[in-house]
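So the structure is just underneath, and the comments pick up after that.
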Amino acid sequence: MPPASAHSARGLELGYARVSTTKQSLERQLDALSAAGIPAERIYTDRKTGTSIEREGLAALLAYARAGDAIVVHTLDRLGRNLREVLNLVHELSERGVGVRSLADPLPINTTDEGMGRIAFLLLALFAEMERTYTAERAAHARAVAEAAGRRIGRPLAHPADRIEHARLLQAQGDSLGQIAAKTGIPKTSLHRYLGSTASAEGRP
(Lines give C-alpha, C1' and ligand atoms only; values in the text may rest on other atoms or scores of the structure.)
Protein backbone atom coordinates (compact mmCIF):
# COMPACT_ATOMS: atom_id res chain seq x y z
CA MET A 1 0.00 0.00 0.00
CA PRO A 2 1.40 3.45 -0.85
CA PRO A 3 2.03 5.83 2.06
CA ALA A 4 -0.67 8.34 2.97
CA SER A 5 1.71 11.15 2.01
CA ALA A 6 1.56 9.94 -1.59
CA HIS A 7 -1.79 11.63 -2.02
CA SER A 8 -1.62 14.93 -3.85
CA ALA A 9 -4.07 17.73 -4.48
CA ARG A 10 -5.00 16.34 -7.88
CA GLY A 11 -5.35 12.78 -6.63
CA LEU A 12 -3.77 9.49 -7.58
CA GLU A 13 -4.55 6.78 -10.08
CA LEU A 14 -4.82 3.46 -8.22
CA GLY A 15 -4.81 0.18 -10.11
CA TYR A 16 -6.89 -2.90 -9.37
CA ALA A 17 -6.65 -6.37 -10.93
CA ARG A 18 -8.64 -9.49 -10.13
CA VAL A 19 -8.90 -13.06 -11.39
CA SER A 20 -11.79 -15.33 -10.44
CA THR A 21 -9.74 -18.51 -9.97
CA THR A 22 -6.28 -19.17 -8.59
CA LYS A 23 -5.35 -20.87 -11.88
CA GLN A 24 -5.80 -17.67 -13.90
CA SER A 25 -3.00 -15.16 -14.38
CA LEU A 26 -3.02 -11.49 -13.43
CA GLU A 27 -0.20 -10.77 -15.87
CA ARG A 28 -2.31 -9.29 -18.67
CA GLN A 29 -4.11 -6.90 -16.34
CA LEU A 30 -0.91 -5.91 -14.54
CA ASP A 31 0.85 -5.21 -17.84
CA ALA A 32 -2.03 -2.99 -18.97
CA LEU A 33 -2.04 -1.06 -15.68
CA SER A 34 1.73 -0.64 -15.82
CA ALA A 35 1.52 0.60 -19.43
CA ALA A 36 -1.06 3.14 -18.24
CA GLY A 37 1.60 4.61 -15.95
CA ILE A 38 0.50 3.12 -12.63
CA PRO A 39 3.46 1.99 -10.49
CA ALA A 40 3.39 -1.45 -8.89
CA GLU A 41 3.08 -0.04 -5.36
CA ARG A 42 -0.25 1.54 -6.31
CA ILE A 43 -1.77 -1.64 -7.78
CA TYR A 44 -4.02 -3.82 -5.63
CA THR A 45 -4.85 -7.41 -6.58
CA ASP A 46 -7.18 -10.27 -5.67
CA ARG A 47 -7.10 -13.94 -6.57
CA LYS A 48 -10.49 -15.22 -5.46
CA THR A 49 -13.19 -17.52 -6.77
CA GLY A 50 -16.25 -15.95 -8.37
CA THR A 51 -18.42 -16.93 -5.40
CA SER A 52 -16.16 -15.45 -2.74
CA ILE A 53 -17.15 -12.13 -1.21
CA GLU A 54 -13.86 -11.72 0.63
CA ARG A 55 -11.66 -9.52 -1.54
CA GLU A 56 -8.88 -8.18 0.63
CA GLY A 57 -7.18 -6.30 -2.18
CA LEU A 58 -10.32 -4.39 -3.11
CA ALA A 59 -11.09 -3.69 0.55
CA ALA A 60 -7.61 -2.23 1.05
CA LEU A 61 -7.95 -0.16 -2.13
CA LEU A 62 -11.32 1.27 -1.07
CA ALA A 63 -9.94 2.09 2.37
CA TYR A 64 -6.97 3.94 0.87
CA ALA A 65 -8.75 5.84 -1.94
CA ARG A 66 -9.49 9.51 -1.29
CA ALA A 67 -11.61 12.12 -3.05
CA GLY A 68 -9.86 13.12 -6.26
CA ASP A 69 -8.33 9.67 -6.81
CA ALA A 70 -9.30 7.39 -9.69
CA ILE A 71 -9.41 3.59 -9.65
CA VAL A 72 -8.11 2.12 -12.89
CA VAL A 73 -9.01 -1.39 -14.08
CA HIS A 74 -8.33 -3.35 -17.26
CA THR A 75 -12.08 -3.87 -17.76
CA LEU A 76 -14.96 -2.77 -15.57
CA ASP A 77 -16.06 -6.33 -14.76
CA ARG A 78 -12.94 -6.73 -12.58
CA LEU A 79 -14.67 -4.59 -9.92
CA GLY A 80 -17.48 -7.05 -9.23
CA ARG A 81 -19.06 -10.43 -9.90
CA ASN A 82 -21.99 -9.01 -11.84
CA LEU A 83 -23.02 -5.76 -13.48
CA ARG A 84 -25.31 -4.71 -10.65
CA GLU A 85 -22.49 -5.07 -8.12
CA VAL A 86 -20.17 -3.05 -10.35
CA LEU A 87 -22.70 -0.27 -10.81
CA ASN A 88 -23.37 -0.07 -7.07
CA LEU A 89 -19.66 0.18 -6.33
CA VAL A 90 -19.05 2.83 -8.97
CA HIS A 91 -22.01 4.84 -7.63
CA GLU A 92 -20.64 4.58 -4.09
CA LEU A 93 -17.19 5.71 -5.25
CA SER A 94 -18.72 8.60 -7.18
CA GLU A 95 -20.40 9.83 -3.99
CA ARG A 96 -16.99 9.77 -2.31
CA GLY A 97 -15.45 11.77 -5.15
CA VAL A 98 -13.43 8.79 -6.40
CA GLY A 99 -13.45 8.18 -10.14
CA VAL A 100 -13.27 4.92 -12.08
CA ARG A 101 -11.47 4.38 -15.37
CA SER A 102 -11.31 1.26 -17.53
CA LEU A 103 -8.67 0.62 -20.16
CA ALA A 104 -9.95 -2.11 -22.50
CA ASP A 105 -13.75 -2.07 -22.47
CA PRO A 106 -15.42 -1.71 -25.90
CA LEU A 107 -16.54 1.70 -24.60
CA PRO A 108 -13.76 2.71 -22.17
CA ILE A 109 -15.21 4.14 -18.97
CA ASN A 110 -14.02 7.27 -17.19
CA THR A 111 -16.49 8.52 -14.60
CA THR A 112 -14.41 11.62 -13.94
CA ASP A 113 -15.01 12.68 -17.54
CA GLU A 114 -18.28 14.42 -18.37
CA GLY A 115 -17.91 13.36 -22.02
CA MET A 116 -18.17 9.98 -23.73
CA GLY A 117 -16.82 8.03 -20.75
CA ARG A 118 -19.66 9.27 -18.56
CA ILE A 119 -22.20 8.50 -21.27
CA ALA A 120 -20.79 4.99 -21.64
CA PHE A 121 -21.20 4.35 -17.94
CA LEU A 122 -24.78 5.62 -17.98
CA LEU A 123 -25.48 3.28 -20.90
CA LEU A 124 -24.15 0.35 -18.88
CA ALA A 125 -26.51 1.29 -16.05
CA LEU A 126 -29.40 1.41 -18.52
CA PHE A 127 -28.46 -2.00 -19.97
CA ALA A 128 -28.36 -3.48 -16.46
CA GLU A 129 -31.86 -2.23 -15.73
CA MET A 130 -33.12 -3.49 -19.10
CA GLU A 131 -31.61 -6.94 -18.43
CA ARG A 132 -33.33 -7.05 -15.02
CA THR A 133 -36.66 -6.28 -16.69
CA TYR A 134 -36.10 -8.81 -19.49
CA THR A 135 -35.14 -11.52 -16.98
CA ALA A 136 -38.34 -10.93 -15.01
CA GLU A 137 -40.40 -11.00 -18.20
CA ARG A 138 -38.78 -14.25 -19.38
CA ALA A 139 -39.46 -15.87 -16.01
CA ALA A 140 -43.11 -14.74 -16.07
CA HIS A 141 -43.52 -16.03 -19.63
CA ALA A 142 -42.00 -19.41 -18.72
CA ARG A 143 -44.40 -19.72 -15.79
CA ALA A 144 -47.38 -18.85 -17.99
CA VAL A 145 -46.38 -21.41 -20.64
CA ALA A 146 -45.85 -24.10 -18.00
CA GLU A 147 -49.20 -23.38 -16.34
CA ALA A 148 -50.96 -23.46 -19.71
CA ALA A 149 -49.41 -26.86 -20.38
CA GLY A 150 -50.53 -28.12 -16.98
CA ARG A 151 -47.01 -28.49 -15.64
CA ARG A 152 -46.25 -27.95 -11.97
CA ILE A 153 -44.50 -24.67 -11.14
CA GLY A 154 -41.86 -24.50 -8.45
CA ARG A 155 -39.98 -27.18 -6.55
CA PRO A 156 -40.78 -30.71 -7.80
CA LEU A 157 -42.53 -33.15 -5.52
CA ALA A 158 -40.18 -35.32 -3.50
CA HIS A 159 -42.29 -38.44 -4.09
CA PRO A 160 -43.94 -39.84 -7.26
CA ALA A 161 -47.48 -38.69 -7.94
CA ASP A 162 -48.81 -42.25 -8.10
CA ARG A 163 -47.44 -43.01 -4.63
CA ILE A 164 -49.04 -39.86 -3.24
CA GLU A 165 -52.34 -40.86 -4.86
CA HIS A 166 -52.02 -44.29 -3.24
CA ALA A 167 -51.51 -42.58 0.12
CA ARG A 168 -54.68 -40.56 -0.40
CA LEU A 169 -56.60 -43.72 -1.22
CA LEU A 170 -55.34 -45.39 1.97
CA GLN A 171 -56.32 -42.26 3.92
CA ALA A 172 -59.83 -42.47 2.48
CA GLN A 173 -59.97 -46.08 3.61
CA GLY A 174 -59.16 -44.95 7.16
CA ASP A 175 -55.53 -46.05 7.49
CA SER A 176 -53.42 -44.19 10.04
CA LEU A 177 -50.37 -42.14 9.11
CA GLY A 178 -48.14 -44.91 10.41
CA GLN A 179 -49.87 -47.50 8.26
CA ILE A 180 -49.81 -45.26 5.19
CA ALA A 181 -46.11 -44.52 5.73
CA ALA A 182 -45.34 -48.23 6.02
CA LYS A 183 -47.27 -49.08 2.84
CA THR A 184 -46.08 -46.20 0.64
CA GLY A 185 -42.59 -45.47 1.99
CA ILE A 186 -43.48 -41.79 2.40
CA PRO A 187 -42.38 -40.33 5.78
CA LYS A 188 -45.07 -39.05 8.13
CA THR A 189 -43.75 -35.48 7.87
CA SER A 190 -44.33 -35.55 4.12
CA LEU A 191 -47.71 -37.23 4.50
CA HIS A 192 -48.88 -34.33 6.66
CA ARG A 193 -48.04 -32.02 3.77
CA TYR A 194 -49.64 -34.18 1.07
CA LEU A 195 -52.71 -35.30 2.98
CA GLY A 196 -53.38 -32.29 5.16
CA SER A 197 -54.35 -32.26 8.82
CA THR A 198 -57.23 -34.71 8.35
CA ALA A 199 -54.99 -37.79 8.20
CA SER A 200 -55.76 -40.06 11.12
CA ALA A 201 -52.94 -40.84 13.53
CA GLU A 202 -54.62 -44.08 14.60
CA GLY A 203 -55.58 -47.18 12.69
CA ARG A 204 -59.11 -48.22 11.76
CA PRO A 205 -61.26 -49.42 14.64
Are side-chain heavy atoms of L103 and V72 found at a separation under 4.5 Å?
-> yes
Would you give the length of the straight line joining atom CD of E56 to atom CG of D46, rounded to the nearest 0.5 angstrom?
-> 7.5 Å
Shortest non-hydrogen pair, A67 vs R96, comes out as CB-O, 3.4 Å
side-chain contact (heavy atoms from CB on, under 4.5 Å) between H166 and I180: does it pass, once the steps are laid out?
-> CA-CA 9 Å; H166 183 206; I180 296 173; over 6 Å; no
d(I164 CD1, Q171 CD) to nearest 0.5 Å is 12.5 Å
Look up atom CG in L33 and atom CD1 in I43, then write down how far apart they are to the nearest 0.5 Å.
-> 5.0 Å
R101: what forms a salt bridge (charged side-chain N to carboxylate O under 4.0 Å, His left out) with it, not counting sequence neighbours?
-> E13
Say you draw a straight line from CZ of R163 to OG of S190; how long is it, rounded to the nearest 0.5 Å?
-> 11.0 Å
Residue from L79, V86, I109 passing side chain to side chain contact (heavy atoms under 4.5 Å, CB included) with V73 = L79
CD1 of I38 to CG of L14, rounded to nearest 0.5 Å, is 7.5 Å
List the steps, then state whether side-chain contact (heavy atoms from CB on, under 4.5 Å) holds for E27 with D31.
-> CA-CA 6 Å; E27 185 176 352; D31 286 347; 3.7 Å; yes
Carefully, step by step, assess I186 and Y194 under the rule side-chain contact (heavy atoms from CB on, under 4.5 Å).
-> CA-CA 10 Å; I186 301 175; Y194 298 141; 4.0 Å; yes
Are the side chain of D69 and the backbone N or O of R66 linked by a donor-acceptor pair below 3.5 Å?
-> yes
Salt bridge (charged side-chain N to carboxylate O under 4.0 Å, His left out) partners for E85, two or more places apart | R55, R81
Is there a donor-acceptor pair closer than 3.5 Å between any side-chain N or O of T184 and the backbone N or O of A167?
-> no
Qualifying residues under side-chain hydrogen bond (donor to acceptor under 3.5 Å, both in side chains), relative to E95, sequence neighbours excluded | H91
Heavy-atom check, side chain of T111 versus side chain of V98, under 4.5 Å = no
Spacing of CZ belonging to R18 relative to CG belonging to L61, to within rounding of 0.5 Å | 13.0 Å
Between T45 and L30, is any pair of side-chain heavy atoms under 4.5 Å apart?
-> yes
Between N110 and S102, is there a donor-acceptor pair closer than 3.5 Å when you use the side chain of the first and the backbone of the second?
-> no
Under a 4.5 Å cut-off applied to non-hydrogen side-chain atoms, are L26 and R47 in contact?
-> yes
